[in-house]
Amino acid sequence: MTDQAAISFANLNVPEEGVVAVVAEEGPKLPPVAKDLDKTSKGLVSRGVEISGFKGKKETMVDLLAPSGLNFSRVVVVGAGKTAEYGSEDWLNLGGAVRGLLTGKEGPTAHIVIEGAGHEIAPADVANFALGVMLRGYKFRKYKSKTDKKNGPANETNDKTLRKIVVHCADPKAATKSFAPAKAMAEGVMLARDLVNEPANVLGPAEFAARAKDLGKVGVQVEVLTPAALKKLGMNALLAVGQGSARPSHVVVMQWKGAGPRAGDPFVVVGKGVTFDTGGISLKPAAGMEDMKGDMAGAACVVGLMHELAKRKAKVNAVGIIGLVENMPSGSAQRPGDVVTAMSGKTIEVLNTDAEGRMVLADCLWYAQDRFKPKALVNLATLTGAVMVALGKEHAGLFSNNDQLADWLTTAGKETGEKLWRLPLGPKYDKMIESKVADIKNTGGKWGGSISAAQFLQRFVKEGTPWAHLDIAGTAMASVDSDVNRSWGSGFGVRLLDQLIRDHYERA
Ligand code: BES
Ligand code: MN
Ligand code: ZN
């Protein structure tokens, strides 16, 4: 996994080395540490502040290089706006933004000072800030070769030289404690990002399954179902998608039992894991096809989440199920017009082999309900290009048969900044997937493509199972830059579902 600069917490005295970033609230007064630095530098900081007209507003800063009188290579005063009005996402984003200012060229150590103006910043907020620092520091550098002078040594590290980030705050002991689950979170998100960023020649269904199997090390029970087992279970829809590939399909079942045996039915999360989606015989155009290495982002999120829950010892019983297949055209590939019988017994007419994700999920969702009777069932999938037409890249599409679950998810989205927008389901839309020759067909026509895909999934959800489908095609891969993410694979969904679990499914 990613080799990141180590984060630690210290009190508000700042040792003189490396780079120091001081977070300043909006208003006329500089924080005490900045005043100390000003004294030692004989007024450099206050002059810089005055000349630049710095008022502590958000997205402003005063950048002082090689300040005389100080041993620091750089002092940055960063505007935070009014932190008294901050929510958890604001702290996270501020941490990301400050991390973005550190180039790694100033030396191995960075000091970041966060001190409230007249109020103490809560340890939980400091921890969120530090999580933002970590998430922003992620870079996928695995395939940069050793001889790359510009980018430094070949590994997945984020910087050439930055090794240590010390966050100075009012109560470092409490911050360290609050940071433990945040660190588990950072690891979970970065694991998901690593998986999404990995090219498909390296990460096929079997290799992905092996990476999921690694979760055994953190206490997750992992079972890998091979094609023979899937055949026995009757997962013919999933197998049909993978039958054109030389690489065998797998399903992985991960169980984290953090709430003990008497906690009732588990929370189950299912992920689409198409390790590469060529479209199959209904082949995709060449332009942009490389992006389809990310068509397993749903499964990556599930693995990242299970890792995170285990690492922070979440008091929840959660099950993760991922369907791992490669969608390839070949002499053994499924054809348009084929009819397959899914595990549930429903027959599917395959009109377009590029509508493969729903076939994979159909069997995984059925298996999930058949075996685990979920308290709630959430699936994530890079399911349709159409969801980007509808929502762009800011919101993931949310579909649900349960208003409460939909509301809980929407709220968790607002809390974490992994935002969701609910789209409709209904009988008229369901008509779109009626087939002339089988029970249903796997495409729903020209309009409302994300909705007919969701209707297809709902055909495999039992009456009474609270279920939600997240279409993350626009948010999990080829991601837009944000304060906390500069990676192609964003790791979308890990923080979102962790928040949902914390709010509603975890035992106190
Ligand atoms: N994996 C794609 C959806 C996708 C597109 C994800 C772009 C991320 C970026 C999915 O399997 C797919 O091909 N969907 C088709 C469905 C159609 C054939 C009914 C689509 O969206 O065009
Ligand atoms: Mn496809
Ligand atoms: Zn796909």
Side-chain angles (χ1 to χ4, degrees), residues 196-197 200 203-205 208 237-238 240-245 249 270-301 322-329 333-338 348-364 379-397 399 423 429 432-435 440-457 469-480 488-490 492-493:
V196 177
N197 288 329
L203 198 76
F208 195 126
L238 181 146
V241 174
Q243 77 185 33
S245 171
S249 305
V270 171
K272 168 180 173 181
V274 177
T275 59
F276 196 78
D277 180 14
T278 64
I281 296 298
S282 314
L283 193 64
K284 285 184 182 295
M289 202 203 274
E290 65 277 7
D291 279 0
M292 287 303 122
K293 72 170 186 176
D295 208 17
M296 28 55 73
C301 168
I322 54 179
L324 302 169
V325 304
E326 185 179 53
N327 188 19
M328 296 291 270
Q334 65 173 342
R335 293 146 291 258
D338 283 4
I348 301 167
E349 183 188 13
V350 184
L351 285 186
N352 189 322
T353 64
D354 197 13
E356 84 298 340
R358 61 199 76 181
M359 296 179 66
V360 172
L361 289 171
D363 281 341
C364 290
N379 74 259
L380 303 104
T382 47
L383 203 63
T384 65
V387 81
M388 288 183 267
V389 178
L391 300 176
K393 294 188 137 249
E394 284 303 319
H395 287 84
F399 298 85
L423 295 166
Y429 292 115
M432 295 167 83
I433 55 167
E434 226 122 78
S435 161
I440 45 173
K441 56 186 182 183
N442 78 332
T443 56
K446 192 170 174 186
W447 307 113
S450 302
I451 305 175
S452 52
Q455 291 293 163
F456 184 98
L457 299 183
H469 153 53
L470 309 181
D471 194 333
I472 58 171
T475 52
M477 49 185 271
S479 323
V480 287
W488 187 83
S490 64
F492 185 96

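In listed order, ligands and their atoms are each counted from 1.
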If you compare G385, A476, G445 by their heavy atoms, the one closest to atom 5 (C) of ligand 1 turns out to be G385
Strictly under 2.8 Å, is the Zn ion (ligand 3) approached by any N, O or S atom of K272?
yes
For the 3.5 Å polar cut-off, considering only N or O atoms, please tell me whether K272 and ligand 1 meet it.
yes
Tell me the closest heavy-atom pair linking L423 and G397, and the distance in Å.
CD1-CA, 4.3 Å
Only N/O/S atoms count here: what is the atom of E356 closest to the Zn ion (ligand 3) called?
OE2
Just distances here: any N/O of T384 and N/O of ligand 1 closer than 3.5 Å?
no
Pull out every atom of ligand 1 sitting under 4.0 Å from any heavy atom of M388, numbered as shown with elements.
7 (C), 9 (C)
Residue portion contacting ligand 1 (non-hydrogen atoms closer than 4.0 Å) for D354:
both
For the student: nearest non-hydrogen atoms of T384 and G449, plus distance:
CG2-O, 3.8 Å
Which atom name would you report as the N, O or S atom of E356 nearest the Mn ion (ligand 2)?
OE1
Counting N and O atoms only, with roles assigned by atom type, does the side chain of N197 sit under 3.5 Å from a partner on the main chain of G489, one being a donor and the other an acceptor?
yes
T443 neighbourhood, listing ligand 1 atoms whose heavy-atom distance to it stays under 4.0 Å:
19 (C)
For the 3.5 Å polar cut-off, considering only N or O atoms, please tell me whether R358 and ligand 1 meet it.
no
Within the stated cut-off of 2.8 Å, is an N/O/S atom of D295 closer than that to the Mn ion (ligand 2)?
no
List ligand 1 atoms under 4.0 Å from T382, heavy atoms only on the residue side.
1 (N), 2 (C), 3 (C), 6 (C)
Once you round to the nearest 0.5 Å, how far does CD of Q243 lie from CZ of R335?
6.5 Å
How far is atom 18 (C) of ligand 1 from its nearest protein heavy atom, and which residue and atom name does that atom have?
N352 ND2, 3.5 Å
For atom 21 (O) of ligand 1, is some protein heavy-atom partner under 4.0 Å away?
yes
How is the N/O/S atom of D277 that comes nearest to the Mn ion (ligand 2) named?
OD2
Just need the protein heavy atom nearest to atom 14 (N) of ligand 1, so name the residue and atom and give the distance.
L383 O, 3.5 Å
For T278, does its backbone N or O pair with a side-chain atom of N327 as donor and acceptor, under 3.5 Å?
no
Distance check, rounded to the nearest 0.5 Å: D471 atom CG versus I451 atom CD1?
11.0 Å
Backbone N/O of V387 and side chain of S450: donor-acceptor pair under 3.5 Å
yes
Taking atom types as modelled, is there a side-chain donor on N352 or T443 under 3.5 Å from an acceptor on the other?
no
Does ligand 1 have an atom that lies less than 4.0 angstrom from a heavy atom of V274?
no
So, the side chain of D363 versus the backbone of A237: is there a donor-acceptor pair under 3.5 Å, distance only?
yes
Nearest neighbour in protein (non-hydrogen) for atom 7 (C) of ligand 1:
M292 CE, 3.5 Å
Where the side chain of K393 meets the backbone of A473, is there a donor-acceptor pair that is under 3.5 Å apart?
no
State, to 0.1 Å, how close L324 and A299 come at their nearest heavy-atom pair, and which atoms those are.
CD2-CB, 4.3 Å
Checking S490 side chain against T475 main chain: does a donor-acceptor pair fall under 3.5 Å?
yes
Give the atoms of ligand 1, by number and element, whose distance to some non-hydrogen atom of E356 is under 4.0 Å.
11 (O)
Can you name the nearest heavy-atom pair linking M359 to N442, along with the distance?
SD-ND2, 3.8 Å
Angle subtended at the Zn ion (ligand 3) by OD2 of D277 and OD2 of D295, to 10 degrees?
90°
Counting both backbone and side chain atoms, is some N or O of K284 under 3.5 Å from an N or O of ligand 1?
yes
How close does the nearest protein non-hydrogen atom get to atom 2 (C) of ligand 1, and which residue and atom is it?
D277 OD2, 3.6 Å
